[in-house]
Amino acid sequence: MKIATWNVNSLRVRLPQVLDWLAATQPEVLALQETKLPDEEFPVAAFQEAGYEASFSGQKTYNGVALVSRTAAQSVIREVPSLEDPQRRVIAGTVQGVRVINLYVVNGAEVGSDKFSYKLDWLEKVTAFVSDQLREFPQLVVLGDFNIAPDDRDVYDPELCRERILCSTPERQALRRLLELGLVDTFRLFEQEPESFSWWDYRAAAFRRNMGLRIDLILANESMARRCTACRIDKGPRALPRPSDHAPVIATFRDDTR
DNA sequence: ATGGTGGCGCGGCCA
């Protein structure tokens with residue numbers, strides 16, 4: 001089964017691209033971030049016509065996450081305990097026996113800002129939530145837009161970005177604490193092209209110059225990591241007219257024979 | 001330090 005993540009930066013704008021991509025890629029699950037849609041405007045019918053069910057947690061203008069899946073997600077959670085957050089950034093559900101936790105991690109604006117503090121606090125509380133979910137679900141992936149480049153391989157210019165937002169030590173430590181629960185970055189289980197990124201700023205022709213970061217991740221617990229046979233970034237949609245600034249990432253898992 | 005672009009929605013905010 002393929003499990004994918006894509007920050008679409010407005011599902012209203014990107015819906016045709018998402019439907020085309022689903023038809024071409026045929027994942028079991030696609031986790032979306034930055035849908036920017038209230039729930040009553042989520043395009044349920046368009047996905048059903050494409051053979052997909054959807055669970056979503058949205059709001060007007062900002063944020064918004066969804067799980068699009070061949071079979072409907074079960075035991076869906078939209079709230080993280082102890083994180084009283086009007087921002088819709090988390091949705092978790094179970095699909096074909098796999099717990100899928102979809103995160104749109106806080107961007108954080110600038111190191112040391114109020115938003116940066118919110119990011120670190122948010123990550124701490126989400127890590128506690130993931131810890132609980134790991135105890136409850138034997139097969140689990142955490143994926144989404146982490147807004148953190150795990151290490152310097154994931155940064156187009158590590159010196160320029162040193163200790164700046166998305167790359168700073170406190171952010172990387174917060175990600176490490178999440179990984180230390182027993183998760184692995186599936187992308188790094190496999191040989192990859194150098195300078196593989198998943199996000200490129202719209203500005204300064206960053207995509208053409210491959211000035212990007214790898215901030216969209218698919219993390220797997222030990223059981224799912226054993227099943228993982230591939231993880232790749234699909235740069236195709238980023239090259240289309242009117243693209244999202246993020247590319248989709250896809251991990252493949254073999255059937256669970258246990 | 002700023003600005004470059006894009007989405008939302010119509011003035012800035014967010015990324």
Side-chain angles (χ1 to χ4, degrees), chain A residues 5-21 30-43 46 56-66 68 83 85-91 102-123 126 143-150 154-157 159-168 170-172 174-175 197-217 233-249:
Chain A
T5 179
W6 193 2
N7 179 324
V8 291
N9 186 19
S10 169
L11 185 56
R12 212 189 307 275
V13 172
R14 234 65 68 192
L15 182 61
Q17 291 183 21
V18 172
L19 294 174
D20 286 351
W21 189 85
L30 172 60
L32 299 172
Q33 303 88 37
E34 286 205 89
T35 54
K36 299 187 175 180
L37 284 172
D39 288 347
E40 57 273 20
E41 291 178 41
F42 195 92
F56 36 83
S57 180
Q59 65 184 95
K60 200 164 107 77
T61 310
Y62 302 119
N63 309 311
V65 286
V68 173
L83 186 65
D85 194 354
Q87 301 190 19
R88 304 289 77 194
R89 296 178 175 275
V90 180
I91 188 166
N102 175 16
L103 306 180
Y104 173 46
V105 175
V106 176
N107 173 285
E110 211 173 307
V111 174
S113 66
D114 288 351
K115 286 175 184 170
F116 187 74
S117 304
Y118 166 50
K119 181 178 196 172
L120 296 180
D121 180 63
W122 190 95
L123 282 163
V126 167
L143 79 178
D145 176 359
F146 283 73
N147 270 316
I148 302 171
D154 305 310
V155 181
Y156 71 100
D157 187 339
E159 290 314 317
L160 181 70
C161 299
R162 180 89 46 221
E163 296 305 334
R164 300 189 74 128
I165 197 66
L166 314 182
C167 303
S168 74
E171 291 166 277
R172 286 176 170 173
L175 177 60
F197 307 127
S198 67
W199 170 82
W200 301 261
D201 201 299
Y202 284 120
R203 296 164 285 189
F207 181 65
R208 182 177 58 71
R209 300 156 72 186
N210 199 31
M211 296 166 60
L213 302 175
R214 190 176 68 92
I215 56 177
D216 299 274
L217 312 178
I233 298 166
D234 182 3
K235 287 171 74 171
R238 185 63 179 79
L240 294 174
R242 215 175 175 194
S244 167
D245 44 353
H246 295 252
V249 183

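Order of the sequence lines sets the chain letters (A, B, ...), proteins ahead of strands, with each chain counted from 1. Side-chain atoms are counted along with the backbone in the values below, which use heavy atoms only and exclude waters and symmetry mates.
- Not one N or O on the side chain of A:Glu171 forms a donor-acceptor pair closer than 3.5 Å with the backbone of A:Ile148.
- Taking atom CG on A:Leu11 and atom P on B:dC8, their separation rounds to 10 Å, with Å as the unit.
- Phosphate contact (OP1/OP2 of B:dC8, side-chain N/O of A:Ser10, threshold under 4.0 Å): present.
- Rounded to whole angstrom, the span from the CG atom of A:Asn9 across to the C1' atom of B:dG6 amounts to 7 Å.
- Residue-level contact check: A:Phe207 touches neither bases nor backbone, having no heavy atom under 4.0 Å from any strand.
- The residue among A:Arg203 and A:Arg242 whose nearest nucleotide of DNA chain B is located toward the 5' end is A:Arg203.
- Residue A:Trp199 contributes atom CH2, which lies 14 Å from atom P of B:dG6 at whole-angstrom precision.
- Distances shown here put a side-chain N or O of A:Arg89 below 4.0 Å from the OP1 or OP2 atom of B:dA15.
- Taking every side-chain heavy atom of A:Glu34 into account, B:dA15 is the closest of B:dG9, B:dA15, B:dG7.
- Between the CG atom of A:Asp216 and the C1' atom of B:dA15 there is a distance of 13 Å, given to the nearest Å.
- Looking at the side chain of A:Thr61, the nearest of the listed nucleotides B:dC8, B:dT5, B:dA15 is B:dC8.
- The separation of B:dG9 from B:dC14, taken at their C1' atoms, amounts to 13 Å, rounded to a whole angstrom.
- We find that CG of A:Asn107 is positioned 18 Å from P of B:dG6, with the value rounded to whole Å.
- The CG atom of A:Asp201 sits 17 Å away from the P atom of B:dC14 (whole-angstrom rounding).
- Checking A:Lys60 against A:Asn147, the closest nucleotide of DNA chain B that is more toward the 5' end is the one next to A:Lys60.
- When every heavy atom of A:Leu19 is checked against every heavy atom of A:Ala46, the shortest pair comes out as CD2-O, 3.9 Å.
- Remark: the separation of the C1' atoms in B:dA1 and B:dC10 is 28 Å, to the nearest Å.
- Just one of A:Asn147, A:Thr35, A:Asp145 meets the side-chain hydrogen bond (donor to acceptor under 3.5 Å, both in side chains) condition when paired with A:Asn7; it is A:Asp145.
- Taking atom CD on A:Gln59 and atom P on B:dG9, their separation rounds to 11 Å, with Å as the unit.
- Picking from B:dT5, B:dG7, B:dG9 the nucleotide with the shortest atom distance to the side chain of A:Tyr62 gives B:dG7.
- With 3.5 Å as the limit, one finds no donor-acceptor pair spanning the side chains of A:Arg88 and A:Asn63.
- Rounded to the nearest Å, the gap between the C1' atom of B:dA15 and that of B:dG4 is 13 Å.
- For B:dG7 and B:dG11, the C1' atoms lie 14 Å apart once the distance is rounded to whole Å.
- Using modelled atom types, one finds a donor on one side chain and an acceptor on the other under 3.5 Å when comparing A:Trp21 with A:Asp234.
- Between the CG atom of A:Asn7 and the C1' atom of B:dC14 there is a distance of 12 Å, given to the nearest Å.
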